[in-house]
Every structure is written in C-alpha cells, then in structure tokens.
Amino acid sequence: MVDVQWWRSTYDNRVHAFGNEEAGRDFGEALCEHSVPNSRIECTDDGERCLACMLIFGDLLADTYGDSVWRAS
C-alpha cells in the first residue's frame with residue numbers, strides 16, 4: 001500500500017495524493033502524475049481534491065483490502 005499525503009498544489013489549487021516513492025529531491029509527483037516543485041506544495045488537505053488521485057487511491061485500496069471494503073453495510 002502506498003503511503004500518501006493529501007497536499008495542495010498551488011499550480012492548480014487542488015489537493016493531490018503525493019506518495020513517498022514519487023517524492024523527488026526538488027519536486028513532488030502525485031498519483032495522477034501531477035508534478036510540482038516542493039516550494040509550490042502546501043502541507044494542507046483543505047480544498048478541492050483531485051478526482052484522478054481519488055480514483056487511483058481508491059483502486060490501490062481495493063487492491064490492498066479487496067472488494068469487501070466497498071460494500072455498503
């Protein structure tokens with residue numbers, strides 16, 4: 001399972017899922033491949049979330065935990 005942090009990019013003002021293995025020295029790359037210099041990443045999850053990141057993260061959750069997580073009670 002990828003450890004992600006939901007942070008806002010000031011390039012598009014959306015909150016993206018940044019994973020540790022996508023992190024670079026000078027830039028971050030979100031699950032959706034949105035690339036942004038570290039200086040343009042705000043460490044807040046306040047704002048509109050990136051739909052592509054949410055779908056990719058949801059797919060990772062399903063792969064890790066199986067389909068039972070997605071069933072309604």
Side-chain angles (χ1 to χ4, degrees):
M1 178 68 180
V2 176
D3 180 31
V4 301
Q5 298 295 321
W6 292 91
W7 293 333
R8 183 171 48 220
S9 165
T10 60
Y11 275 156
D12 64 1
N13 284 326
R14 286 199 171 91
V15 177
H16 292 271
F18 291 89
N20 286 344
E21 62 250 5
E22 288 87 11
R25 185 174 180 175
D26 298 321
F27 69 94
E29 185 175 342
L31 295 181
C32 69
E33 298 183 0
H34 176 76
S35 181
V36 60
N38 289 333
S39 63
R40 301 289 305 261
I41 296 173
E42 293 181 345
C43 294
T44 180
D45 63 358
D46 185 34
E48 181 182 343
R49 291 206 176 191
C50 169
L51 180 59
C53 282
M54 288 192 299
L55 291 171
I56 293 166
F57 186 63
D59 195 42
L60 292 171
L61 286 174
D63 287 346
T64 301
Y65 298 108
D67 291 335
S68 63
V69 174
W70 302 107
R71 292 187 197 145
S73 303

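Everything quoted here is computed from the prediction, not taken from an experiment.
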What closest approach, in Å, do A17 and C53 show between heavy atoms, and which atom pair accounts for it?
N-SG, 3.4 Å

Working to the nearest 0.5 angstrom, can you tell me the gap between C50 SG and W6 CH2?
7.5 Å

Where at least one partner belongs to residues 35-56, residue pairs that pass ring-ring contact (aromatic ring centres under 6.0 Å, His included), sequence neighbours excluded:
none

Once ring-ring contact (aromatic ring centres under 6.0 Å, His included) is applied, do any residues pair with W7, and if so which ones, sequence neighbours excluded?
none

Partners passing side-chain contact (heavy atoms from CB on, under 4.5 Å) against S39 (at least two apart in sequence or in another chain):
P37

Taking atom OG of S9 and atom CZ of R40, what is their separation to the nearest 0.5 Å?
7.0 Å

To the nearest 0.5 Å, what is the distance between CD1 on I56 and NE2 on H16?
10.5 Å

Among all residues two or more places apart in sequence or in another chain, which pass the side-chain hydrogen bond (donor to acceptor under 3.5 Å, both in side chains) test with D45?
none

Tell me if the CZ atom of R49 is crowded by more than 12 foreign heavy atoms within 6.0 Å.
yes

Indicate the atoms forming the closest heavy-atom contact of H34 with F18, along with that distance.
O-CE2, 4.4 Å

Which residues pass the side-chain contact (heavy atoms from CB on, under 4.5 Å) test with E42, sequence neighbours left out?
R8, T10, T44

With side chain to side chain contact (heavy atoms under 4.5 Å, CB included) as the test, would you mind laying out the steps for L31 and L60 before giving the verdict?
CA-CA 10 Å; L31 295 181; L60 292 171; 4.1 Å; yes

